[in-house]
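Scope of the values below: all heavy atoms of this structure, side chains included, with no hydrogens, waters or symmetry mates.
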Amino acid sequence: MGLLPTHTSFRAGLAWALLSVVLGMDLSLQESLLLKSLGLSAKPSPKTPVPVPSVLWRIFQKRKTLPSTNKDLADACRVEEFNVPGNIIRVFADQGHFLHNGQPQRLLCLQKRLYFNLSVLEEGEHLTMAQLEIKFSHNSYHTSSQGQVFELRLYQTSQLSLRGMPSHEHGRKLLVEQSFAQLHKSLHFNLSGVAKDSASWGLQSLCASIDSFLDTSLLVVTLSQQQCKASRRRRSAHYPPITPSNLCKPRRLYISFSDVGWENWIIAPQGYMANYCLGECPFPLTAELNSTNHAILQTMVHSLDPEGTPQPCCVPVRLSPISILYYDNNDNVVLRHYEDMVVDECGCR
């Protein structure tokens, strides 16, 4: 008899351990599925987080402050700031290197290979914009007091030259050749056409003080067409708000990204009001419950046969999007527009 409590405790402990393992596996699976739906192969773990580009902060803050009544009216499949289709904005850091061989001794002319890893773009994404930014530390920086100008040549280079092999004239294509009397802090170039075919470029004869050159980055806008088609279909219907407190309606639910262990890779927001649907769908169903004809008939049958036919369910019938600023699996900063994140209205289905 004295062993029974110990045996019982052991079995209870084993049961809890097995339950914890099962729950852990289920949570891990759910997290993997959710990350996949967010366009991520695994949970990002940024090693050296880069500063968030100011352009992404501006777009994120603008969308964040947009009144909820106007979010459905805004085109979620277009980046109005650049006037191009798209719902994903990425900023890629340059992974190239400087070339020191053959540099002129009398001038401090920079030659640099530019390399951006665009392999993170998902299947089905359509590239609509690629803008190269070259940053300098000086604004209106004059290259010389003797009237010399700043010259820039941008080439599309072959993959072979990126691996340290000598460049040849036939292995590169001149994309931009431009002169400046004075050098501004940032230069922007539209590379949308060539970015679809290559992510490798070279800067040559960029004559200026080496200290004035900071870095280069590539801003890429893409459109996930499948997601946009679905969101447009959902927006075609509008339902009135639910007012009865004891019936099917939205309930408040705030999701904090720190609670699910995502705070180290999601930059903003820290969380959001997701909401959920809860409530009864009693007979007779009224117009305020956003019911379908099927739900109305199902309720009638349920009133006659409550054991054999369940009541309709209280489910979301209108959802709205949010924008999330985060680091991806390659430590790039991404601003992405996600549909169906906030429950706005519920109905009986």
Side-chain angles (χ1 to χ4, degrees), residues 12-53 56-68 71-72 76 87-91 120 122 224 227 230-231 234 241-242 245 248-279 313-347:
L14 180 60
W16 275 111
L18 292 174
L19 180 60
S20 299
V21 171
V22 172
L23 290 176
M25 292 174 62
D26 287 343
L27 288 175
S28 178
L29 177 60
Q30 291 297 320
E31 183 182 55
S32 298
L33 293 174
L34 181 56
L35 289 170
K36 186 177 180 180
S37 69
L38 298 180
L40 297 167
S41 58
K43 184 168 70 172
S45 181
K47 301 174 180 62
T48 54
V50 298
V52 179
L56 293 190
W57 268 123
R58 288 196 301 270
I59 297 175
F60 173 78
Q61 291 297 335
K62 181 180 178 180
R63 293 182 176 181
K64 180 181 177 182
T65 56
L66 189 67
S68 58
K71 286 183 179 178
D72 278 348
N87 53 1
I88 306 172
I89 310 174
R90 295 179 176 90
V91 174
V120 298
E122 305 163 26
S224 177
Q227 184 183 37
S231 69
R234 285 189 295 271
I242 298 172
S245 58
C248 172
K249 71 171 185 176
R251 314 286 174 161
R252 291 171 60 88
L253 171 64
Y254 180 81
I255 294 181
S256 171
F257 291 127
S258 62
D259 289 343
V260 294
W262 288 6
E263 73 280 2
N264 64 327
W265 61 276
I266 291 185
I267 303 168
Q270 296 180 348
Y272 73 102
M273 191 65 70
N275 302 329
Y276 66 99
C277 293
L278 182 67
C313 298
C314 180
V315 298
V317 296
R318 190 165 73 91
L319 301 100
S320 59
I322 66 170
S323 294
I324 300 180
L325 195 60
Y326 64 92
Y327 295 105
D328 67 8
N329 298 114
N330 295 83
D331 290 0
N332 299 309
V333 180
V334 182
L335 175 59
R336 186 160 183 169
H337 193 77
Y338 291 104
E339 295 292 327
D340 299 343
M341 296 291 283
V342 179
V343 173
D344 293 322
E345 294 179 9
C346 302

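Disulfide status for C314 with C277: absent, SG atoms not under 2.5 Å apart.
Between C248 and L278, the closest side-chain pair of non-hydrogen atoms is not below 4.5 Å. Residues L319 and E345 form no side-chain contact, since every pair of their non-hydrogen atoms from C-beta on lies 4.5 Å or further apart. Between L325 and V334, the closest side-chain pair of non-hydrogen atoms is not below 4.5 Å. Using a 4.5 Å heavy-atom cutoff, the side chains of T48 and V50 are not in contact. Contact of the H337 side chain with the R63 side chain is registered, since non-hydrogen atoms from C-beta on lie closer than 4.5 Å.
For the atom pair OH of Y338 and CD1 of I322, the computed distance is 9.0 Å after rounding to the nearest 0.5 Å. To the nearest 0.5 Å, atoms CE (M273) and CZ (R252) are separated by 3.5 Å. Between the OH atom of Y276 and the NZ atom of K249 there is a distance of 10.0 Å, given to the nearest 0.5 Å. How far CZ of R90 is from CG of D328: 7.0 Å, rounded to the nearest 0.5 Å.
A side-chain donor from one of D344 and S320 sits under 3.5 Å from a side-chain acceptor of the other.
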Just do the side chain to side chain contact (heavy atoms under 4.5 Å, CB included) check on I267 and V333 with the steps written out, would you? CA-CA 9 Å; I267 303 168; V333 180; 4.2 Å; yes
Would I255 and Y272 count as a side chain to side chain contact (heavy atoms under 4.5 Å, CB included) here? Give the steps. CA-CA 6 Å; I255 294 181; Y272 73 102; 4.0 Å; yes
Start with the C-alpha gap between I59 and I89, add the side-chain angles, then the distance that decides, and say whether side chain to side chain contact (heavy atoms under 4.5 Å, CB included) holds. CA-CA 10 Å; I59 297 175; I89 310 174; 3.8 Å; yes
Worked verdict on E339 versus R318 for salt bridge (Lys or Arg N to Asp or Glu O under 4.0 Å): CA-CA 11 Å; E339 295 292 327; R318 190 165 73 91; over 6 Å; no
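Between F257 and W262, the ring planes are parallel. Angles under 30° get that label, and only those over 60° would be called perpendicular. Note: F60 and W57 have perpendicular aromatic rings, judged against thresholds of 30 and 60 degrees for the angle between ring planes.
In plain terms, the two heavy atoms of L335 and S323 that are nearest each other are CD1-CB, 4.1 Å. Shown here for N329 and K43, the closest heavy-atom pair between the two residues is ND2-C, 4.0 Å. Contact detail for Y254 and G271: the closest heavy-atom pair is OH-CA, 3.2 Å.
In terms of modelled atom types and a separation under 3.5 Å, the side chain of N87 and the main chain of S224 share a donor-acceptor contact.
Taking the six-membered ring for Trp and the full ring otherwise, Y326 and W265 have centroids separated by under 6.0 Å.
In this structure, E122 places its CD atom where more than 12 heavy-atom neighbours from other residues, nucleotides or ligands lie under 6.0 Å away.
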